[in-house]
Number of protein chains: 2
Amino acid sequence: MAADELKLENQVCFALYAASRAVTSLYRPALDALGLTYPQYLVMLVLWERGPVLVKELGQALDLDSGTLSPLLKRLEAAGLVRRQRCAEDERAVRVYPTDEGGALRDRAMSVPRKLSGATGMGLAELEALRENLVRLTEEITAQQD
Amino acid sequence: MAADELKLENQVCFALYAASRAVTSLYRPALDALGLTYPQYLVMLVLWERGPVLVKELGQALDLDSGTLSPLLKRLEAAGLVRRQRCAEDERAVRVYPTDEGGALRDRAMSVPRKLSGATGMGLAELEALRENLVRLTEEITAQQD
DNA sequence: CACAACCAAGTTGTGCACAACTCAATGTGC
DNA sequence: GCACATTGAGTTGTGCACAACTTGGTTGTG
């Protein structure tokens with residue numbers, strides 16, 4: 001009956017909410033040792049992978065707006081991990097550069113996922129399947145919002 | 001090689017983070033119409049299902065602590081949806097009761113999941129499989145933290 | 001050229017999450 | 001009976017998310 005379906009719906013969304021917070025809290029001790037929060041870690045991952053990027057590009061990569069990114073980047077800058085500079089070509093835009101210290105943090109961050117990979121209790125294939133389902137779900141949902 | 005595995009790890013956790021925010025934003029318009037935030041909606045779901053519960057029980061059901069729940073419940077109380085009362089048997093504990101208005105909101109909330117169930121682009125079986133994987137992942141992770 | 005439309009960041013305000021702490025009530029061992 | 005630990009809520013402080021708005025820069029059009 002319909003009520004089952006509706007209840008299942010709620011459970012999926014709650015499961016997602018709970019799982020996301022659980023994974024973040026699993027990362028927390030390792031990231032604390034690096035002096036990073038989880039969203040800050042995501043920003044650094046983008047910088048380590050791509051090098052200097054515009055704030056706008058960070059926002060597209062992580063699906064975050066300037067209201068979240070501006071203060072976060074200010075804190076990363078205060079921590080000496082990134083540098084911000086206005087674009088010469090377009091004075092509206094700001095490019096984010098990893099500093100030497102920010103780049104060096106990459107080596108220490110390499111060990112973070114290694115510490116956590118065993119904690120999921122799932123095999124690689126299962127994790128990959130889960131990831132693909134999550135990505136598909138996210139894409140379907142964001143497509144609805146056009 | 002190891003780097004692939006580590007990168008996959010990151011992607012699973014980012015996929016989770018992104019999917020959770022996407023689902024919450026999908027709920028937002030419907031919940032706005034009810035005057036609820038998503039965490040407030042979760043609290044009301046527990047109250048609708050179980051009736052009056054202790055703050056501690058709410059915390060166990062949603063995996064939230066008093067630092068999150070106390071101000072949230074204060075806002076629900078200010079909105080007239082719940083009432084809080086000290087336990088007679090144990091003066092430390094506080095029981096949360098849905099008000100008449102809070103109970104009546106259930107009928108309007110019934111239509112919320114219906115509006116959203118189609119937006120996932122996934123069938124019931126797929127959603128159930130996804131939910132089970134998420135629950136298992138959450139359980140494995142929280143078991144690590146003992 | 002003027003000017004409206006648009007755009008990238010940043011700011012402000014609200015509401016979670018979560019750590020660390022306080023406080024009062026309860027439970028425990030001696 | 002009484003020190004002492006434990007427990008349940010609440011408070012404080014920090015850092016996201018996100019809506020709404022502001023500011024300064026750019027672009028398109030008449």
Side-chain angles (χ1 to χ4, degrees), chain A residues 14 17-29 31-32 35-44 53-79 81-82 84-96 142 145, chain B residues 14 17-29 31-32 35-44 53-79 81-82 84-96 142 145:
Chain A
F14 174 64
Y17 164 79
S20 178
R21 287 191 299 127
V23 169
T24 302
S25 79
L26 181 65
Y27 271 75
R28 200 181 313 279
L31 294 180
D32 277 353
L36 293 175
T37 65
Y38 181 68
Q40 288 169 6
Y41 170 68
L42 293 177
V43 166
M44 293 309 296
V53 291
L54 301 176
V55 172
K56 180 193 174 183
E57 293 168 337
L58 271 178
Q60 288 166 343
L62 303 176
D63 193 27
L64 292 171
D65 67 7
S66 68
T68 300
L69 286 173
S70 288
L72 188 157
L73 291 170
K74 196 186 283 184
R75 282 185 284 269
L76 283 180
E77 191 166 41
L81 300 177
V82 308
R84 283 187 293 176
Q85 191 172 347
R86 289 261 157 214
C87 253
E89 318 90 74
D90 186 342
E91 288 278 340
R92 290 172 304 182
V94 167
R95 205 178 302 275
V96 182
T142 52
Q145 293 166 344
Chain B
F14 174 64
Y17 165 80
S20 178
R21 286 191 298 126
V23 169
T24 301
S25 79
L26 180 65
Y27 272 74
R28 200 181 314 280
L31 293 180
D32 276 353
L36 292 175
T37 65
Y38 182 67
Q40 289 169 5
Y41 170 67
L42 293 178
V43 167
M44 294 308 295
V53 291
L54 301 175
V55 172
K56 180 192 175 184
E57 293 168 337
L58 270 178
Q60 288 166 344
L62 303 176
D63 192 29
L64 292 170
D65 67 6
S66 68
T68 300
L69 286 174
S70 287
L72 187 156
L73 291 170
K74 195 186 285 184
R75 282 185 284 270
L76 282 180
E77 191 166 41
L81 299 177
V82 307
R84 283 186 293 175
Q85 190 172 347
R86 289 263 157 211
C87 254
E89 317 89 77
D90 186 343
E91 289 277 342
R92 289 171 303 184
V94 167
R95 204 179 303 277
V96 182
T142 52
Q145 292 166 344

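Proteins get letters first, then strands, A, B, ... in listed order; numbering begins at 1 in each.
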Would you give me the side-chain donor-acceptor pairs under 3.5 Å for residues 54-63 of chain B, sequence neighbours excluded?
{"unit_1": "B/E57", "atom_1": "OE1", "unit_2": "B/L54", "atom_2": "N", "d": "2.9"}

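With values rounded to the nearest 0.5 angstrom, B/R21 atom CZ is found 7.5 Å from A/T68 atom OG1. Residue A/L76 holds its CG atom at 7.5 Å from OG1 of A/T37, rounded to the nearest 0.5 Å.
One finds no side-chain N or O of B/Y38 lying less than 4.0 angstrom from the OP1 or OP2 phosphate oxygen of D/dA17.
Counting to the nearest Å, the P atom of C/dC18 and the CG atom of B/L64 are 7 Å from each other. Put simply, CG on B/D63 is 16 Å from P on C/dC16, counting in whole angstrom units. Per the geometry, CD belonging to A/E91 stands 19 Å off P belonging to D/dT23, to the nearest Å. If you measure from atom OH of B/Y27 to atom P of C/dC16, you get 17 Å, rounded to the nearest angstrom. Note: CG (B/L62) to P (D/dA9) measures 13 Å, nearest angstrom. Rounded to a whole Å, the OH atom of B/Y41 is 15 Å from the P atom of C/dC16. When rounded to the nearest whole Å, the span between CG of A/D32 and C1' of C/dA20 equals 13 Å. Taking atom CZ of B/R21 as the reference point, atom P of C/dC16 lies 17 Å away to the nearest angstrom.
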- Message: Generate the contact string for nucleotides 3-15 of chain C. Rules: B means base contact, S means sugar-phosphate contact only, - means no protein heavy atom under 4.0 Å.
- Response: ----BSBBB---S
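Between A/R28 and B/A88, the residue anchored closer to the 5' end of DNA chain C is A/R28, taking for each the nucleotide with the nearest heavy atom.
Residue contacts shown for B/Q60 are absent, as no nucleic acid heavy atom lies under 4.0 Å away.
Put simply, the side chain of A/R95 never gets that close to the backbone of A/C87: no donor and acceptor are under 3.5 Å apart. No donor-acceptor pair closer than 3.5 Å links the side chain of A/S20 to the backbone N or O of A/Y17.
With contacts defined as side-chain heavy-atom distances shorter than 4.5 Å, the pair A/L64/A/V43 does not qualify.
Shown here are the salt bridge (Lys or Arg N to Asp or Glu O under 4.0 Å) partners of B/R84, two or more places apart in sequence or in another chain: B/E77.
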